[in-house]
Amino acid sequence: MATHCKDYEFLQIEPHWQTFWETHHSFRAVDDTSKPKYYVLDMFPYPSGAGLHIGHPEGYTATDIIARYKRAKGFNVLHPIGWDAFGLPAEQHAVKTGTHPAANTAANIANFKRQIKALGFSYDWERELATTDEKYFRWTQWIFLQLFKRGLAYVDERPVWWCPELRTVLANEEVVDGKSEVGGFPVERRNLRQWVLRITAYAERLLADLKDVDWPDSTKRMQEAWIGRSEGAEVSFALENEKLGALKVFTTRPDTLFGCTYMVLAPEHPLVDALTTSEQRDAIAAYRRQAAAKSDLDRTDLAKGEKTGVFTGSFAINPVNGARLPVWVADYVLMGYGTGAIMAVPAHDERDYDFAVQFKLPIIQVIDSGKPDQKLPFIDDGKLINSGPFNGIDWNEAKKRLTADLAAKGRGKTTVNYKLRDWLFSRQRYWGEPFPIIWVTESDYAKAAAHPASAADLPSSPVTYKDSATDTTWFALPVAASTLPLVLPEVQSYLPSGNGESPLANVTEWLEIWLNLATGAFVPASQPRPDGCNWIRGRRETNTMPQWAGSCWYYLRFIDPKNDKTFADPKLLAYWGVPDLYVGGAEHAVLHLLYARFWHKVLFDLGVVPQSEPFTKLFHQGIILGEDGEKMSKSRGNVVNPDTINTSHGTDTLRLYLMFLGPLEAMKPWNPNGIEGVHRFLQKIWRECLSREGEVNSKITLDDSAAESAEFVKLFHETIKKVGDDIENLRFNTAISQMMIFSNALQKAERVNRRTVLGFLQLLAPFAPHIAEELWSRLGGTTVSVLQAAWPQFDPAKLVSTEQKIIVQINGKKRAEFLLPVGSNQDAAFAVAQAHSDVTPYLVGKNLKRVIFVPGKILNIVIE
RNA sequence: GCCCUCGUGGUGGAAUGGUAGACACUAGAGACUUAAAAUCUCUUGUCCGUAAGGACGUGCCGGUUCGAGUCCGGCCGGGGGCACCA
């Protein structure tokens with residue numbers, strides 16, 4: 001079965017074993033529910049035109065080691081891979097060249113697949129999937145329908161970047177310095193109709209359930225910060241113009257209410273118009289236009305220097321003391337958080353302070369820290385001053401008292417606010433999943449709501465939008481799930497429609513339809529209305545879903561990738577569950593991982609997945625920097641291509657080197673010299689196993705009768721233990737060190753049993769699987785493939801020593817060391833130490849103060 | 001600004017509060033060879049010393065401890081994330 005090469009010809013050996021594994025379906029995950037399962041998953045890649053980056057094989061090697069190790073430990077392992085294949089680059093390429101993005105995507109996938117296969121990863125290729133495959137996105141669309149039905153999807157006007165010159169919507173990354181990346185044209189903020197997912201409805205659970213997952217603490221904290229829960233009070237400020245009702249604000253500092261000297265509204269706040277006096281109208285209008293052109297990010301960036309704002313001319317009344325408060329408009333207040341309005345307390349808030357100084361507004365200190373130098377703004381704790389009946393009360397107590405007081409008057413209540421915003425879920429692009437939604441008139445929607453075939457698919461309150469041009473309100477009707485997938489039509493041009501809609505808006509035959517409420521069938525509206533009373537007129541949604549959609553649930557599809565009845569069989573979902581280990585970059589710490597958690601919880605609530613969290617254990621591999629210690633990038637010219645190393649040293653060397661570089665989670669620079677080291681290590685193993693003629697090395701005793709030294713046997717068992725422990729803890733660098741230590745001992749041993757060498761090859765196999773297979777086979781391993789052999793067991797009895805090294809310290813400094821029988825007590829150790837020539841001189845004429853003895857380790861003699 | 005991380009030889013890195021520098025790279029010396037490559041052996045933190053040996057040493061300053069790379073406080077530096085979130 002093996003090759004016949006005499007030297008370590010990795011270019012021959014590696015393809016040979018890759019073919020062997022493929023023809024034997026070695027990595028097929030069988031749905032065998034009698035065995036314990038282990039599901040190990042990589043974050044699937046976006047197949048870019050640039051091909052594999054060296055960072056990809058880093059994480060993939062780690063999971064491959066785990067997968068191979070778990071198989072040897074008797075687990076039924078699911079280790080799949082697929083393609084996150086929708087994405088902007090393919091669309092941009094299509095716009096430029098006019099070729100269908102699917103063609104470009106397919107070519108990129110083929111290249112990625114070739115590169116990944118050359119690395120010898122033990123993926124179950126029979127479960128490969130791509131998010132662009134209609135058999136896949138059929139279920140992405142199905143999940144969207146479930147969100148829609150549960151009222152978790154709605155339509156709203158949201159600001160997006162619009163480039164009038166290109167007549168298209170741009171993503172944040174396509175806007176550079178306020179200009180379009182392509183062409184450098186000016187861009188502006190423009191409100192467009194968007195689909196939004198109500199992730200905020202899950203904010204509390206997304207936060208609370210973080211405690212149940214085994215994730216890096218830093219990632220948990222980032223998600224916590226992103227969700228941004230804060231407790232505070234909602235307070236109503238009466239307006240002087242009583243007709244306008246009250247102005248509601250959110251504050252985390254109700255204790256500072258007496259220090260409020262003005263109010264601020266976000267420029268987009270609905271009350272701005274009504275509050276603006278005629279003298280201020282022009283200034284306010286100009287300010288609002290200016291603010292509308294900025295993204296939230298710009299607002300924050302620009303605000304580093306000075307604050308901007310305009311007085312509305314109106315006043316509000318402070319509910320605690322009746323003070324008259326001017327109402328301002330300023331873009332440092334965001335419409336998207338809280339109520340879009342704040343009470344400003346300049347003495348105890350930095351932003352309010354800066355603003356008050358800028359516009360010469362009064363500043364009243366109401367918290368006293370009791371310390372001598374109290375520089376304003378002052379945001380720490382203290383006791384209340386200048387606060388009427390609340391003076392002298394501790395701030396924490398004051399928060400409760402003041403809120404309760406307001407609540408009693410009907411002017412406030414305690415509330416919880418989240419930074420988390422609802423998720424903007426649509427793109428005005430071609431290359432994405434079409435929304436399975438048809439826009440119909442109110443009367444047709446009523447028909448659908450009354451029809452038994454469609455009534456159950458509708459949300460409890462309809463999703464609508466008002467087309468201001470025609471003054472028509474449109475109602476969102478879901479397509480029948482049975483008609484999915486809703487595939488992308490062919491288009492003439494991949495350029496956007498020009499009016500803010502995607503290229504799909506130009507495909508009239510696809511867009512305008514007759515829809516049958518009973519069957520879900522449709523025909524183009526260009527044809528006459530078919531007979532029967534169930535046909536209604538509709539226009540398809542032209543937005544497509546963002547790239548996140550497909551990656552939100554792919555880990556579930558791997559469990560049952562070919563199922564065309566449901567997204568995955570419930571029995572298989574129950575067996576395989578969710579990934580036991582998920583490995584990928586920390587750059588996805590918030591968005592991907594939060595979105596996927598949200599969808600998973602929705603599916604959990606639907607009762608279609610059995611657990612409430614998708615990723616039990618998460619690990620982030622570190623970034624590999626270029627040789628120069630900088631981030632790898634084309635422009636720096638420090639990019640390493642895995643193909644190059646595969647050809648020059650072989651993939652076993654590359655895999656081993658990537659793991660030997662340092663801790664998996666660390667950021668570490670690429671160092672080409674290190675590759676030679678691990679390559680030599682593999683060559684040494686080759687030489688110790690095979691002679692120059694390619695026969696079994698004569699030092700290896702085939703009948704296992706060699707008398708190996710106790711020391712060597714002990715090292716072997718230590719190596720089994722350490723390699724196993726290190727793999728379990730993803731400490732691959734130290735596992736490899738241990739194997740190097742063993743190989744050095746192997747080389748020095750005069751005779752060694754075949755059994756021992758085979759055991760060592762098993763330890764090596766997850767890391768360097770090709771050479772391990774080759775040598776296993778050439779040495780006459782007990783099974784055809786090393787994959788079939790059970791992971792070696794270490795014998796704890798073999799790890800026990802009879803002697804232990806004792807370190808002698810004088811006042812904490814090492815002075816001597818000697819061996820003692822295991823279990824020796826302090827007296828025995830002290831007796832030997834006292835007589836030791838390296839110790840005695842230090843003890844002469846000194847008073848013994850104290851002796852610390854750590855059995856088997858250290859004897860510290862403290863003297864004066 | 002806030003949060004998170006990391007600072008150990010010439011280099012990548014190792015070290016449950018208990019021998020700092022495992023393992024590897026680089027460099028040097030030697031063995032083998034006609035020679036070279038490969039391989040093997042030895043040396044390789046700094047300083048003093050011919051040596052034996054000693055002193056110093058994990059970014060800096062302090063603390064806890066019999067004992068600190070590890071724990072605590074402060075500072076300096078690198079990297080990452082978030083950011084007018086009321």
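Note that the coordinates shown come from a computational prediction; the quantities given were computed from them, not determined experimentally. Proteins get letters first, then strands, A, B, ... in listed order; numbering begins at 1 in each.
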pair_partner(B:rA29), Watson-Crick or wobble, both distances < 3.5 Å, evaluates to B:rU41

State the pairing partner of B:rG77; accept Watson-Crick or G-U wobble contacts with both distances under 3.5 Å, and report none otherwise. B:rC6

Polar-atom pairs under 3.5 Å, protein N or O versus N or O of nucleotides 52-58 of chain B: list them with distances, or write none.
| residue | atom | partner | partner atom | Å |
| --- | --- | --- | --- | --- |
| B:rG54 | OP1 | A:Tyr842 | OH | 3.3 |
| B:rA55 | OP2 | A:Arg815 | NH1 | 3.4 |

For the residue pair A:Lys413 / A:Thr403, report whether a side-chain donor-acceptor contact shorter than 3.5 Å exists. no

I'd like to check the side chain to side chain contact (heavy atoms under 4.5 Å, CB included) partners of A:Glu803; sequence neighbours left out, ordered by chain and number. A:Leu819

So, does A:Arg687 get its side chain near the phosphate of B:rC40, meaning an N or O under 4.0 Å from OP1 or OP2? yes

Now, which nucleotide makes the Watson-Crick or G-U wobble pair with B:rU11, with each of the two distances under 3.5 Å? B:rA24

Does B:rG62 have a Watson-Crick or wobble mate here (both distances under 3.5 Å), and if so which one? B:rC72

According to a strict under-4.0 Å criterion, is A:Arg850 in side-chain N/O contact with OP1 or OP2 of B:rC66? yes

Protein-to-nucleotide contact annotation, 5' to 3' order, nucleotides 18-32 of chain B [B base; S sugar-phosphate only; - none; under 4.0 Å, heavy atom]: BB--BBSSS------

Would you say the side chain of A:Lys849 and the base of B:rC66 hold a donor-acceptor pair, judged only by whether the two atoms sit under 3.5 Å apart? no

Show your reasoning for whether side chain to side chain contact (heavy atoms under 4.5 Å, CB included) applies to A:Glu224 and A:Arg221. CA-CA 5 Å; A:Glu224 278 169 17; A:Arg221 272 192 289 266; 4.2 Å; yes

Counting only Watson-Crick pairs (N1-N3 plus N6-O4 or O6-N4) and G-U wobbles (N1-O2, O6-N3), all under 3.5 Å, who is the partner of B:rU34? none

